[in-house]
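See below for the structure under consideration.
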Amino acid sequence: MDPQLSEEQLQDLYAWIDKMPLSRPKRHITRDFSDGVMAAEIVKYFFPTLVELHNYIPANSTQQKLSNWSILNRKVFSKLNFHVAEETVKRIVLNIPGVIEPVLCSLREKIDKKLDNMLDLEYYDTKNKEKLHTETRQTEAQLQAQLKTGGGDRRKKDEKSTSQNSKPQPAVQFASEMDPAVRLILQEKEQALMALQETVEILQMKVNRLEHLVHLKDMRIEDLTRHLETYKSKANMH
């Protein structure tokens, strides 16, 4: 990790942090991040399933702060191929100025890298999404058609039974006397419908995940665009 960041890098980092809805407003970054809680919140913002915030207790005591950072290193940062050295953690916990910024800058790079990998995987995974949607709609239409057909057959059987008997058959008696083959078909269709509903739910989860990733990518594009504009402005001054 770089021991120092330029003023431009610091401002860029602060702007990145300010875009996230953290539990506490950023006032004094050295103290704000000393207990590790806000670092955990940053990772959770980008990867909600990666962090369980109840594991990180806001603290003033050195021991609890060290515990929070230890959990972060072990359970979260390791999944980002990232690690904060023990000596660096101690300096962060002791509120030594200039220590947390390079750590957050490196964490940001790891987050961006993982997001890039995830977007690539999601892109290839969703190339067949439209095909899957089409197949789902076709399956649903087939199931509905089959249910209507099955219902028509059942109504015909019911009408035939009613015409043969002067008294209408009670619903319970009808269910108990239903043709086993018809009952089996209806059970199979019910199971198929349940499987279809699960497929639709999975698809919706994937769509939500994609929307979240696109939002995060837009944030990164804004940061890079602003950085590029700053660079061009400096270049024009020379």
Side-chain angles (χ1 to χ4, degrees), residues 1-2 5 9-96 98-123 125 205-224 226-227:
M1 299 177 185
D2 296 330
L5 298 178
Q9 289 174 314
L10 287 174
Q11 294 305 317
D12 188 51
L13 177 66
Y14 297 154
W16 178 69
I17 294 172
D18 287 339
K19 289 182 178 180
M20 284 170 267
L22 303 178
S23 61
R24 294 174 294 195
K26 177 176 64 63
R27 292 192 177 94
H28 191 291
I29 194 167
T30 299
R31 290 195 297 267
D32 294 337
F33 284 86
S34 66
D35 61 5
V37 173
M38 290 175 68
E41 290 176 353
I42 286 178
V43 179
K44 185 173 181 63
Y45 176 76
F46 291 99
F47 311 108
T49 61
L50 208 60
V51 178
E52 296 179 355
L53 288 179
H54 64 81
N55 288 330
Y56 308 95
I57 303 172
N60 291 320
S61 70
T62 299
Q63 192 61 37
Q64 184 59 56
K65 291 180 181 181
L66 290 172
S67 175
N68 288 345
W69 280 99
S70 176
I71 295 172
L72 269 175
N73 265 330
R74 188 173 69 257
K75 291 189 173 183
V76 178
F77 291 164
S78 60
K79 296 176 182 177
L80 297 174
N81 194 26
F82 180 62
H83 181 79
V84 183
E86 183 178 352
E87 185 60 33
T88 302
V89 169
K90 290 179 180 178
R91 297 175 69 201
I92 292 173
V93 167
L94 293 174
N95 298 331
I96 297 178
V99 179
I100 188 61
E101 289 90 342
V103 171
L104 294 176
C105 190
S106 297
L107 176 60
R108 180 184 183 182
E109 292 175 359
K110 294 295 183 179
I111 288 173
D112 286 344
K113 185 174 181 179
K114 188 172 181 66
L115 282 175
D116 287 340
N117 293 337
M118 290 179 66
L119 282 170
D120 290 340
L121 290 174
E122 290 285 352
Y123 170 76
D125 183 51
M205 289 174 61
K206 286 191 174 184
V207 169
N208 293 341
R209 181 60 179 163
L210 274 175
E211 289 175 348
H212 180 64
L213 288 174
V214 168
H215 171 67
L216 298 179
K217 180 58 74 173
D218 287 342
M219 281 182 55
R220 189 181 177 197
I221 290 173
E222 289 178 7
D223 288 340
L224 291 174
R226 182 163 49 81
H227 186 74

Below 3.5 Å, can you tabulate the donor-acceptor pairs from side chains in residues 47-62 to any protein atom, sequence neighbours excluded?
residue : atom : partner : partner atom : Å
Glu52   : OE1  : His54   : NE2          : 3.3
Ser61   : OG   : Gln64   : N            : 3.3

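- Atom-to-atom distance recorded for Ser34:OG and Ile29:CD1 is 11.5 Å, nearest 0.5 angstrom.
- With sequence neighbours excluded, no residue forms a salt bridge (Lys or Arg N to Asp or Glu O under 4.0 Å) with Asp32.
- Residues forming a side chain to side chain contact (heavy atoms under 4.5 Å, CB included) with Leu10 (at least two apart in sequence, or on another chain): Leu5, Glu7, Tyr14, Glu101.
- Looking at heavy atoms from C-beta onward, Phe82 lies out of side-chain contact with Val76 at the 4.5 angstrom threshold.
- In terms of heavy atoms, Gly36 sits closest to Trp69 at N-NE1, 3.3 Å.
- The existence of a salt bridge linking Glu87 and Arg91 is excluded, since no basic side-chain nitrogen approaches an acidic carboxylate oxygen closer than 4.0 Å.
- Residues Trp16 and Ile42 are in side-chain contact: their nearest non-hydrogen atoms beyond the backbone lie under 4.5 Å apart.
- Residues Glu41 and Ser23 meet the side-chain proximity criterion, which asks for heavy atoms closer than 4.5 Å.
- Environment of CZ in Arg74: crowded, with over 12 heavy atoms of neighbouring residues, nucleotides or ligands closer than 6.0 Å.
- Under the salt bridge (Lys or Arg N to Asp or Glu O under 4.0 Å) criterion, Arg24 pairs with Asp35, sequence neighbours left out.
- Although no hydrogens or angles enter the test, the distance criterion places no donor-acceptor pair under 3.5 Å between the side chain of Ser70 and the main chain of Leu66.
- Taking both residues in full, the closest heavy atoms of Lys79 and Lys114 are given as O-NZ, 3.9 Å, listed atom of the first, atom of the second, then distance.
- Remark: Glu109 engages no residue in a salt bridge (Lys or Arg N to Asp or Glu O under 4.0 Å) (not counting sequence neighbours).
- Using a 4.5 Å heavy-atom threshold, the side chains of Val99 and Thr30 count as separate.
- With rounding to the nearest 0.5 Å, the separation of CZ in Arg31 from CD1 in Ile100 is 14.0 Å.
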Decide side chain to side chain contact (heavy atoms under 4.5 Å, CB included) for Phe46 and Leu80; before the verdict, give the C-alpha distance in whole Å, the side-chain angles of both, and the deciding distance to 0.1 Å.
CA-CA 12 Å; Phe46 291 99; Leu80 297 174; over 6 Å; no
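- Ser67 places no side-chain N or O within donor-acceptor distance of the main-chain N or O of Gln63, the cut-off being under 3.5 Å.
- Partners of Asp12 according to the side chain to side chain contact (heavy atoms under 4.5 Å, CB included) rule, which considers only residues two or more places apart in sequence or in another chain, are Arg108, Arg226.
- Between atom CG of residue Leu104 and atom CD1 of residue Ile92 there is a gap of 7.5 Å, rounded to the nearest 0.5 Å.
- Residue-environment remark: NZ (Lys19) exceeds the threshold of 12 foreign heavy atoms within 6.0 Å.
- Annotation: side chain of Asn95 is in contact with side chain of Lys65 (closest heavy-atom distance under 4.5 Å).
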